Number of protein chains: 2
Amino acid sequence: MTNRIQTRDPELTRVRILDAAEALFIEQGFSAVKLSALARSAEVTKSLIHHHFGSKEQLWEAVKDRAFERYFTAQMAMLEEAGEPDAALLRSSVEAYFHFLRDNPGVVRLFAWTHLEGDSHCGELDNQLVGAGAEWVRQAQQRGLLRQDINPTHVIALFVMTCTQWFEAKCHHQHWPGMGTDEAFLEDFLKIFMEGVTPRD
Amino acid sequence: MTNRIQTRDPELTRVRILDAAEALFIEQGFSAVKLSALARSAEVTKSLIHHHFGSKEQLWEAVKDRAFERYFTAQMAMLEEAGEPDAALLRSSVEAYFHFLRDNPGVVRLFAWTHLEGDSHCGELDNQLVGAGAEWVRQAQQRGLLRQDINPTHVIALFVMTCTQWFEAKCHHQHWPGMGTDEAFLEDFLKIFMEGVTPRD
DNA sequence: GCCCTAACTGGCCGGCCGGTCAATAAGCTG
DNA sequence: CAGCTTATTGACCGGCCGGCCAGTTAGGGC
């Protein structure tokens, strides 16, 4: 509780609390975080947290909302940059998603905590995203650029899940014998994935 | 604390505690579990838990040890049933692993909690498993049954990760538009995966 | 039967948890 | 400057957390 900062700027204070909370929740999960530690980290009093967010639960929801909002808009932006559907673009989308997760490890952990809670909210949020991606695959299929005997949603799901799990379970498989670097794995995944989704001549 | 059972059989009591603890830890994660609730669920006193396991932490370790031991032996058994390396066997291995996780959802959650803790112990445990699997892929590569420009460990990792994430993040993607059933996804994954790992003629 | 070990109990503890509240103080309005 | 709003504080609360301990009780070896 020492070393507090008075800003008298409610918005800034909210952000400071949210930032600190996000870091702690990502690191330790909801129930392991103590409000006292959070207050210390955000350089505010515990009471101020309650004043701005009501309860620990509500703060957790606010943290998730903000983070998923950021994720969603980032992905939306990436999607809108995409051009005509073809195989090369699918490849670069996978690469972009993989690198996004590599550069935003917090997102992966936040998803993981949320999944374990059984919260389906974050999944519903990107219905739109997946719908657009699947539609994009469907168009490529119709043009004969991707094989047509596969559910487009599954194509999206497969690469999203692979990228996610790579970073989520890194501590698990990083010591496996013969396991390569991020880039080496991505390269091999793309070899398999791209070969698997393009039609045989 | 009502409704307790005295067995005077330490081994049975340990198992009762471990079973109850496993269920609760899988459901809620380490820090959300209260020893009092666990005692109630296992129909023992809190003190008895401390008597047999020392502390909550040590109990958690014991739960993980036992569960991962079971997982490891189950996988080892599946591996030893496998015959000559070829593409058909790879396919059936993926199917077997997928169905194993489907039938053991607790394992998936336990892995997820453990990953979030950054505990690499469970990953090291299956070094042997992955090593054997990769060696098996390598042999198939040498016989020209699988394409040779891919790291064998990555082949194993890819399908393990995909199966894991499918069940781990089910609450996330189950409402995605166009998403199919377990079997439909497995089917599509196998189409892509098998096409991706077998050599082009 | 006796005794020793250990399974098991109930009661208790210090500490800290999330949360509340009355008081204070800073900024905004007029 | 008065007055209202609200950000902010610190003291405080009931409850329960994980853990401890002094006893009690059952079983196994002799």
Side-chain angles (χ1 to χ4, degrees), chain A residues 1-66 113-114 117 119, chain B residues 1-66 113-114 117 119:
Chain A
M1 300 268 189
T2 57
N3 219 21
R4 258 164 290 111
I5 299 175
Q6 266 201 27
T7 62
R8 288 281 160 182
D9 177 343
E11 211 42 53
L12 187 72
T13 303
R14 281 180 65 91
V15 168
R16 266 226 319 287
I17 294 172
L18 278 171
D19 286 344
E22 183 173 311
L24 286 177
F25 283 139
I26 282 174
E27 178 62 25
Q28 309 172 4
F30 174 75
S31 45
V33 171
K34 321 292 177 191
L35 280 190
S36 55
L38 167 52
R40 210 176 308 124
S41 162
E43 297 179 302
V44 297
T45 51
K46 234 174 23 164
S47 322
L48 201 48
I49 298 173
H50 283 101
H51 174 69
H52 283 293
F53 295 95
S55 72
K56 192 186 173 190
E57 236 101 3
Q58 287 172 277
L59 173 59
W60 174 222
E61 293 302 321
V63 165
K64 286 192 289 184
D65 281 352
R66 190 184 65 155
W113 290 119
T114 308
E117 283 178 355
D119 181 357
Chain B
M1 298 266 188
T2 57
N3 218 18
R4 260 163 290 109
I5 300 175
Q6 265 201 29
T7 62
R8 288 280 161 183
D9 177 342
E11 212 41 54
L12 187 72
T13 302
R14 281 180 64 92
V15 169
R16 264 225 322 284
I17 294 172
L18 278 172
D19 286 344
E22 184 174 309
L24 286 177
F25 283 139
I26 282 174
E27 178 62 26
Q28 311 173 1
F30 175 75
S31 45
V33 170
K34 320 292 177 193
L35 280 191
S36 55
L38 168 51
R40 211 176 309 123
S41 161
E43 296 178 303
V44 296
T45 52
K46 234 175 21 165
S47 321
L48 200 50
I49 298 173
H50 283 102
H51 174 69
H52 284 294
F53 295 95
S55 71
K56 192 186 172 189
E57 236 101 2
Q58 285 171 279
L59 174 59
W60 173 224
E61 292 303 320
V63 165
K64 286 193 287 185
D65 282 351
R66 189 183 65 155
W113 290 118
T114 309
E117 283 179 357
D119 180 358

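Just so it is clear, the model here is predicted, and its values are computed rather than measured. In what follows, every chain begins at residue 1, and chains take the letters A, B, ... in the order their sequences are listed.
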Only one of A/Lys64, A/Gln58, A/Glu57 passes side chain to side chain contact (heavy atoms under 4.5 Å, CB included) with A/Glu61; say which it is.
A/Lys64
Please state how far atom CZ in A/Phe30 lies from atom P in C/dG18, giving the value in whole angstrom units.
8 Å
Over how many whole Å does the gap from B/Arg14 atom CZ to C/dA6 atom C1' extend?
14 Å
Would the distance check show the side chain of A/Thr13 and the main-chain N or O of A/Asp9 forming a donor-acceptor pair, the cut-off being under 3.5 Å?
yes
Closest contact, heavy atoms only, B/Leu24 versus B/Ser41:
CD1-CB, 4.3 Å
Of all heavy-atom pairs between A/Leu48 and A/Ile17, which one has the smallest distance, and what is that distance?
O-CD1, 4.3 Å
To the closest 0.5 Å, what do you measure between OG1 (B/Thr7) and CG (B/Leu12)?
5.0 Å
A/Arg66 to A/Glu22 - nearest heavy-atom pair and separation:
NH2-OE1, 2.9 Å
Without decimals, in angstroms, what is the distance between A/Asp9 CG and D/dT5 P?
21 Å
Hey, is the side chain of A/Thr45 poking within less than 4.0 Å of OP1 or OP2 on D/dT8, counting only N and O atoms?
no
Any side-chain heavy atom of B/Phe25 sitting closer than 4.5 Å to one from B/Trp60?
yes
Whole Å only: how far is the CG atom of B/Leu38 from the P atom of D/dG19?
12 Å
Quick one: is A/His51 getting a side-chain N or O under 4.0 Å of the D/dT8 phosphate, OP1 or OP2?
no
Compare all side-chain heavy atoms of A/His50 with those of A/Leu35 and state whether any distance is below 4.5 angstrom.
yes
B/Glu11 CD to C/dA6 C1', straight-line distance once rounded to whole Å
14 Å
Rounded to 10°, the helix from C/dG1-D/dC30 to C/dG30-D/dC1 deviates from straight, judged by its five-pair end axes, by 10°
Of all the choices, D/dT8, C/dC21, D/dA26, which nucleotide is nearest to the side chain of B/Arg8 once you look at every atom?
D/dA26
How long is the line joining CG of A/Leu48 and P of D/dA11, in whole Å?
16 Å
Can you find a pair of side-chain heavy atoms, one from B/Leu59 and one from B/Leu18, that are under 4.5 Å apart?
yes
Expressed in angstrom and rounded to an integer, what is the separation of A/Leu59 atom CG from C/dG19 atom C1'?
14 Å
Flag the pair B/Arg40 / B/Ser36 as yes when at least one side-chain heavy-atom distance between them is below 4.5 Å, and no otherwise.
yes
For A/Ala21 and A/Val63, work out which heavy atoms get closest and say how close.
CB-CG2, 3.7 Å
A/Gln28 CD to A/Trp113 CH2 distance, which is reported to the nearest 0.5 Å:
8.5 Å
Hey, does the side chain of B/Thr7 come within less than 4.0 Å of C/dC8's phosphate (OP1/OP2), counting only N and O?
yes
Atom pairs under 3.5 Å, N or O on each side, protein against nucleotides 2-5 of chain C: can you list them with distances?
none

Interface polar pairs with nucleotides 16-18 of chain D, N/O, under 3.5 angstrom:
{"unit_1": "D/dC17", "atom_1": "OP2", "unit_2": "B/Ser36", "atom_2": "OG", "d": "3.3"}
{"unit_1": "D/dG18", "atom_1": "OP1", "unit_2": "B/Val33", "atom_2": "O", "d": "3.1"}
{"unit_1": "D/dG18", "atom_1": "OP1", "unit_2": "B/Leu35", "atom_2": "N", "d": "3.3"}
{"unit_1": "D/dG18", "atom_1": "OP1", "unit_2": "B/Lys56", "atom_2": "NZ", "d": "3.2"}
{"unit_1": "D/dG18", "atom_1": "OP2", "unit_2": "B/Leu35", "atom_2": "N", "d": "2.7"}
{"unit_1": "D/dG18", "atom_1": "N7", "unit_2": "B/Lys46", "atom_2": "NZ", "d": "3.1"}
{"unit_1": "D/dG18", "atom_1": "O6", "unit_2": "B/Lys46", "atom_2": "NZ", "d": "3.4"}

Please confirm whether the shortest side-chain N or O distance from A/His52 to OP1 or OP2 of D/dT6 is below 4.0 Å.
no
Please determine whether a side-chain nitrogen or oxygen atom of B/Thr13 lies at a distance below 4.0 Å from atom OP1 or OP2 of C/dC8.
yes
Can you measure A/Gln58 atom CD to C/dG18 atom C1' for me and round it to whole angstrom units?
13 Å
